[in-house]
Every structure is written in C-alpha cells, then in structure tokens.
Amino acid sequence: MAKHVNIYDGLSISDLTLQDGLVLEIDNDYQTMEDEDFAYSTDVLLSNEEALNLLNMDDFQDDNDDDYNNGPATICAISFAALKTKMTDVSVDGKVMKLIKQQGVGDVVPYNAQVTINYVGHLEYRDEPFDSSFVRGGAEIFFLNCGMLISGIEIAIRTMRKHEIAVFIIHPDLAYGKYGCAPRIPPNEETLFIIHLVDYMDNSIEAFENLSLEEKKKFENVIKKVKAKFNIAKDYFNKQKIRQAIRDYSKGLQWLEEAELQNEEEENEANNLLSKGYNNLAVCFNKENMVRRACSACNRVPIPTAKTHFNFGRALWKMGEYSKAMEKLQLARKLEPRNEEIIKEIRIVNEKQRHYLEVEKKLWRGCIKFGENKKPNTSDFEEVVRNMCETFSKDDQVLRLPLPDSLTPEEDKCIRAQAAAFGLMVTTHQRYGREITYINKSTY
C-alpha cells in the first residue's frame, strides 16, 4: 500500500524509495477559523518604488498634464500645491486634503474601529519616504480614537472604506507641529500619506469599558465585546500570530462564561458562540503543539461538531493516545463521512499506531532476560531502545510515546538513560485507571 505524506511535513530519502510508492497530499488540516471573514497574504518587504506601484501610484498624473508626462510619476517630483488642486478638503479647514486613487467598498470606517493599513509617508520633494509600513513587513493594525495615530491620520482614515487607496496631505497642525520630529521631519512641515485601508472592524471593546457595572452584566452588551475580541483573534490567526490569537480567544471566552443569561434564547446564543470560540482555540493550540490545552478546549465545547472531534483526535494522537484519537476521528467522520481531511487524519493515525505497535513488539523481544545463574544481557534491549528514542526525537509530530506495561527496574533504567541521551524525558501518569509510563519531549 502506498504511503500518504503531507507535503508540508517534509520528505525523507526513504520516502522516495518506497517499493509501494508515495502519495503526496496538500491540505489545510482543518486549520481554519470558523466563519472566515479575513484573507491576508503573507507580507513581504518592498522597496519604495514597489510600494508605490502596489499602492496604485504609477498612474498618478493626469494624461493631459504636460508637467508630469516626462517620465513615470514619483511622489518626490510632485508639488503639494499642484496636487492640492486635484484634492478634496475632508477637514473643513483645509488641513486634511484627500485624493482617492482606488474606490473602496462598504461603509465608512467607524469612529473607534480597529484598522489594518498599508501606508507610505512622504515630505515634499524628498526622494525617500520618512515612514512606511512596507519596511516593517507590510500591513499594520491600529485602533482609532486611542491616541495611536496623529490626529490628521485619524481624520483621514475615518473618511475611507474597505480596500480604498487614497492620498492625503496633512497640515503640520494635525501632524508633527511646529517642532517636527527630528531628525526626519523638519518643523512646520506638511506631510503626505498614501494609505491603503486593507480592512477594519468595529471595536466594541473600548465602548464596553465605559458602561456602568449593571450594563456590563447584560448579555446583549457582553456579546458585542466578545464578538469584537473574536474578530481580533481571528485577524491574528490569519496573520499566523497564533499566540496573540490564543490570548484574545481566551479573553473573549472568559467574558462569555461570566455573562449573566436571562432566558433560553440568550443561553442558546451563548452556547453557539462558546462552541465557535473553543473550537477555534483548539485549532490554535494544536498549531502551537499545546495539545493538552487543545484537549481541554475541545472538552469545553457545548455543542460538539465534526471540527471538535477532529481537533480532539489530532491532539490525542500527538500525545500518543492512538486508540482514543481514533475514537474521536471516527465520531468526526460519522458527522461528515465525505470530509477528506478527516479521512486523511484517520490514515495518519493508523500509520502512527502500526508503527508504535511494531516498536512495542521489538521492545518485548529485546527485553532483558534473566535465567538461573546468568547475568542479564542488555545489548539487544539497549539497541532497540536507542533506535526508538532516536526515531521519536526526530518525529516533529508526536510529542509523547507510551511504553509497555510492567517494565523491570533494569529496563526502566535503560530507557531513561537512552532517553536522556536524546534530550527526552520519562514520566509516569495515571490514565484510564492505570499507571502508564511515557517518553515525552521537553515541549510537551
């Protein structure tokens, strides 16, 4: 039977020389958030020219404008005074001028939103920008109405819609003032910002903090805050900032657990949101190999789904609990019998379990034998244990490996010595009503 290997897990020479063949698989392993609303690509560092092109600045000039037809447009070649003739005043007093380069969609950004933007900041007739999100890897997240941005940028962003690209010229009174920002920004200098509003979300968390204690207990207010926190967590997840996603999912779930529910309708809504949050938290824990926490999250899902059982099964087999993992995965398959990701995971667990059983048989065959008037022969057993520890240490998927029952003190000592040589630990736990000894990695 051909071996199935996920291409993201990597290949070995032995995989490529299998007699039965090799099947390469590409999948996302259920590693997506429920109700996905965001889609960010991986940010890359760009040059100033590449950033301007990406922000649609290569067609800056009008086709009939002779002043700008001598070559490609660049910010450093544009007079702010000439540019203002094409712009709209969005601050009433002319201190924030705007030119839309790409129309956005949807509603204008709310007053206290969380925004994700790409931007480039320029001074008049300067060759290079004084600030750019691109030099730090791409889109950045800010909260409006929190003092994180200069007031002119706050005003500018509040006029924008999702996916909009616009150019703003900001008066020094709403930028860096009469003192500037040495050494890059001189005193009393106008600034130009090209801003791409990648995304935004309503930030109900800060508004919640201004409520009275009685209002904070109301489920209708708690749920707004929780949904806002979940959106922030989902945003972090899509940017592969998993630890931050875990933090915000956990905080949102804590608020939801503490909410006062008044009726069955609120209870049902809370359980649905708790299920979504704990399922997504389990995904995050599995991605970080925090498998015990993934199990705990799955156990707290009020309304288990195929996704719950899938992530529970994944966490269990990483813990060396192959039989229990298979039970969870079979539950997932029962709910979604045609789900290819579940079928692939079952195949992985079958292969891991077969491998473990082979290791266990080798251990028993190589066990230290005691006969009358004979010294114990440890060479065979040591070789089996050494091979087992070496293979396990190189497996970046499994974090814990159970050992056979009833090991003798000599066998236990041999296993501990070999495990230590590969940076592994031997621990004993009470599981399923009996004591089980495991080899586990330091990251477990």
Between His196 and His163, how do the two ring planes meet: parallel, tilted or perpendicular, split at 30° and 60°?
tilted
Within 6.0 angstrom of Asn263 CG, more than 12 heavy atoms from elsewhere:
yes
Set of salt bridge (charged side-chain N to carboxylate O under 4.0 Å, His left out) partners for Glu266, sequence neighbours left out
none
What is the minimum heavy-atom distance between Ala332 and Ile342, and which atoms define it?
O-CD1, 3.5 Å
Residues Asn339 and Lys307: side-chain donor-acceptor under 3.5 angstrom
no
Val109 and Leu144: which non-hydrogen atoms are nearest, and at how many Å?
CG1-CD1, 3.6 Å
Rounded to the nearest 0.5 Å, how far apart are CD of Glu327 and OH of Tyr322?
15.5 Å
With side chains defined as the heavy atoms from C-beta onward, is the minimum distance between Phe143 and Ile232 less than 4.5 Å?
yes
What residue among Leu331, Ile346, Leu316 forms side-chain contact (heavy atoms from CB on, under 4.5 Å) with Met326?
Ile346
Close side-chain approach of Ile195 and Ile165, heavy atoms under 4.5 Å:
no
Is the shortest heavy-atom distance from the side chain of Thr305 to the side chain of Asn279 under 4.5 Å?
yes
Distance from Leu123 atom CG to Ile185 atom CD1, nearest 0.5 Å?
6.0 Å
Crowded around Arg333 CZ? As in, over 12 foreign heavy atoms under 6.0 Å?
no
Can you see which heavy atom on Ser91 is nearest to which on Ile155, and at what distance?
CB-CG2, 4.5 Å
Tyr119 and Phe193 aromatic ring geometry - parallel, tilted or perpendicular at 30°/60° bounds
tilted
Is the gap between the ring centers of Tyr249 and Tyr236 under 6.0 Å?
no
To the nearest 0.5 Å, what is the distance between CZ on Arg292 and NZ on Lys318?
14.5 Å
Got Leu401 and Tyr356 here, is their nearest side-chain heavy-atom distance under 4.5 Å?
yes
Of all pairs that satisfy salt bridge (charged side-chain N to carboxylate O under 4.0 Å, His left out), the ones with a partner from residues 414-425, not counting sequence neighbours:
Asp412-Arg416
Could you list the donor-acceptor pairs under 3.5 angstrom formed between side-chain atoms of residues 166-173 and any protein atom two or more places apart in sequence or on another chain?
from: His171; atom 1: ND1; to: Asp173; atom 2: N; distance (Å): 3.0
from: Asp173; atom 1: OD2; to: Lys95; atom 2: NZ; distance (Å): 2.8

Working to the nearest 0.5 angstrom, can you tell me the gap between Glu164 CD and Tyr200 OH?
11.0 Å
Using a 4.5 Å cut-off on heavy atoms from C-beta on, say whether the side chain of Lys98 contacts that of Ile100.
yes
Is any side-chain heavy atom of Arg161 closer than 4.5 Å to one of Val105?
no
What is the minimum heavy-atom distance between Ala245 and Ala233, and which atoms define it?
CB-O, 3.4 Å
So, do Tyr278 and Cys298 sit near enough that their side-chain heavy atoms are less than 4.5 Å apart?
no
Closest non-hydrogen atom pair, Val96 against Asp89
O-OD1, 3.5 Å
Among residues at least two apart in sequence or on other chains, which ones pass side-chain hydrogen bond (donor to acceptor under 3.5 Å, both in side chains) with Glu390?
Lys394
Separation of Leu399 CG from Asn440 CG (nearest 0.5 Å)
8.5 Å
Sequence neighbours left out, what pairs pass salt bridge (charged side-chain N to carboxylate O under 4.0 Å, His left out) with at least one residue falling in residues 242-260?
Lys229-Asp248, Arg243-Glu288, Glu257-Arg300
Both conditions, 6.0 Å and 45 degrees, for the charged tip of Arg184 above the ring of Phe130: are they met here?
no
Under the salt bridge (charged side-chain N to carboxylate O under 4.0 Å, His left out) rule, collect the residues that match up with Asp131, sequence neighbours excluded.
Arg136
Ser323/Gln353 under side-chain hydrogen bond (donor to acceptor under 3.5 Å, both in side chains): CA gap, chis, key distance, verdict:
CA-CA 8 Å; Ser323 297; Gln353 190 168 29; 3.3 Å; yes
